[in-house]
Amino acid sequence: MNGLFGNLKKFKVDYRVIPWVTFIDPEVARVGINEQEAIDKGIDYEITRFEFEELDRAITDSAAKGFIKVITPKGKDKILGVTVVSEHAGDLIAEFVLAMKHGLGLNKILGTIHSYPTWLKVTNTPLVSGNVLTPLRPY
């Protein structure tokens with residue numbers, strides 16, 4: 001970006017919100033921290049998980065394999081990390097990157113209207129379904 005805009009504007013890299021995508025079948029996308037990193041940092045966290053077999057668009061596209069997992073501090077909606085395993089995972093992670101970059105929590109995503117039925121509808125579905133899991137601790 002800095003090469004494109006020259007002296008007009010300088011951008012600083014925020015390494016917390018760089019998405020990682022592996023383009024296999026299904027795609028695997030991730031941003032922020034994962035469960036092991038949360039444990040290593042001593043963060044008391046919870047996981048909100050949604051299976052794509054419950055997403056209407058995934059069902060109609062015969063692509064209902066996969067899940068989305070959001071890590072937040074326990075009792076809060078700040079997004080610490082997201083993992084998506086499914087078709088279009090590389091596309092779906094973008095909304096979470098944007099939310100994390102600008103400090104928007106899960107409630108802000110939930111309050112955003114998404115077209116139905118689309119793949120992007122999954123970004124505000126985990127809260128509606130209430131699939132908050134207690135993390136398994138390795139100790």
Side-chain angles (χ1 to χ4, degrees):
M1 294 296 281
N2 288 332
L4 288 173
F5 291 101
N7 293 331
L8 297 175
K9 175 130 174 101
K10 294 285 184 189
F11 295 90
K12 188 174 180 183
V13 177
D14 184 351
Y15 291 100
R16 294 178 312 114
V17 294
I18 294 178
W20 301 85
V21 183
T22 304
F23 294 99
I24 57 175
D25 186 19
E27 293 177 13
V28 178
R30 170 184 166 213
V31 64
I33 66 172
N34 61 27
E35 293 167 77
Q36 186 60 53
E37 291 168 323
I39 291 168
D40 293 345
K41 293 179 179 187
I43 298 171
D44 194 15
Y45 68 95
E46 59 190 15
I47 299 166
T48 303
R49 182 180 168 116
F50 181 80
E51 300 291 331
F52 278 89
E53 65 191 15
E54 299 177 41
L55 181 68
D56 293 340
R57 182 57 185 257
I59 294 166
T60 59
D61 287 353
S62 298
K65 290 186 291 184
F67 63 89
I68 186 168
K69 180 171 53 173
V70 181
I71 298 175
T72 56
K74 191 166 188 150
K76 301 189 181 195
D77 78 337
K78 178 182 180 184
I79 302 167
L80 300 176
V82 179
T83 301
V84 183
V85 177
S86 77
E87 287 191 20
H88 309 287
D91 300 324
L92 296 173
I93 202 73
E95 186 160 343
F96 291 103
V97 172
L98 179 71
M100 288 176 68
K101 173 68 179 168
H102 297 287
L104 304 175
L106 285 176
N107 288 322
K108 294 288 186 185
I109 294 174
L110 177 61
T112 303
I113 297 171
H114 292 78
S115 301
Y116 174 86
T118 62
W119 280 90
L120 200 54
K121 180 69 177 151
V122 76
T123 61
N124 70 350
T125 302
L127 288 177
V128 175
S129 65
N131 293 324
V132 176
L133 307 174
T134 303
L136 298 174
R137 303 291 182 175
Y139 42 82

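Numbering of residues begins at 1 and proceeds along the displayed sequence. Bear in mind that the values here come from a model prediction, so they are computed numbers and not experimental data.
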Would a 4.5 Å heavy-atom cut-off, applied to side chains only, mark [X] and [Y] as touching?
X: V17; Y: M100; result: yes
X: D77; Y: I109; result: no
X: I33; Y: Y45; result: no
X: F96; Y: I79; result: yes
X: V82; Y: I71; result: no

Problem set entry | Shared-cluster residues of L104, by chain and number - hydrophobic side chains joined below 4.5 Å |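 Besides L104, the cluster holds no residue at all.
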
Seminar exercise, completed: Taken in chain and number order and not counting sequence neighbours, the residues that satisfy salt bridge (charged side-chain N to carboxylate O under 4.0 Å, His left out) with D40 are none

Problem set entry | All salt bridge (charged side-chain N to carboxylate O under 4.0 Å, His left out) counterparts of D61, not counting sequence neighbours | R57

For this session: Please report the C-alpha distance between I47 and V70 in whole Å, then the side-chain angles of each, then the deciding distance to 0.1 Å, and finally whether the side-chain contact (heavy atoms from CB on, under 4.5 Å) criterion is met.
Result: CA-CA 6 Å; I47 299 166; V70 181; over 6 Å; no

For this session: Answer yes or no: is there a donor N or O on one side and an acceptor on the other, between the side chain of D56 and the main chain of P117, under 3.5 Å?
Result: no

Exercise. What residues form a side-chain contact (heavy atoms from CB on, under 4.5 Å) with K76, not counting sequence neighbours?
Worked result: P73

Exercise. Step by step, would you call E35 with K69 a salt bridge (Lys or Arg N to Asp or Glu O under 4.0 Å)?
Worked result: CA-CA 10 Å; E35 293 167 77; K69 180 171 53 173; 2.5 Å; yes

Exercise. Do you reckon V85 sits in the same ILVMFWY cluster as I93, going by side-chain contacts under 4.5 Å, direct or chained?
Worked result: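 No; I93 is not reachable from V85 via cluster members.
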
Exercise. Which of these passes side-chain contact (heavy atoms from CB on, under 4.5 Å) with V84: F52, F67, F50?
Worked result: F52

For this session: Identify the heavy atoms of E87 and L92 that sit nearest to each other, and give their distance.
Result: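 Of all heavy-atom pairs spanning E87 and L92, the closest is O-CD1, 4.3 Å.
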
Could you pull out every donor-acceptor pair under 3.5 Å between side chains of residues 23-31 and any protein atom, sequence neighbours left out?
| from | atom 1 | to | atom 2 | distance (Å) |
| --- | --- | --- | --- | --- |
| E27 | OE1 | A89 | N | 3.2 |
| E27 | OE1 | G90 | N | 2.9 |
| R30 | NH2 | G32 | O | 3.1 |
| R30 | NH2 | E37 | OE1 | 2.6 |
| R30 | NH2 | E37 | OE2 | 3.4 |

For this session: Apply side-chain contact (heavy atoms from CB on, under 4.5 Å) to the pair E46 and T72, showing each step before the final yes or no.
Result: CA-CA 6 Å; E46 59 190 15; T72 56; 3.5 Å; yes

For this session: Provide the full list of salt bridge (charged side-chain N to carboxylate O under 4.0 Å, His left out) pairs with a residue in residues 97-110, sequence neighbours left out, each pair given once.
Result: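 Residue pairs with at least one partner in residues 97-110: D14-K101.
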
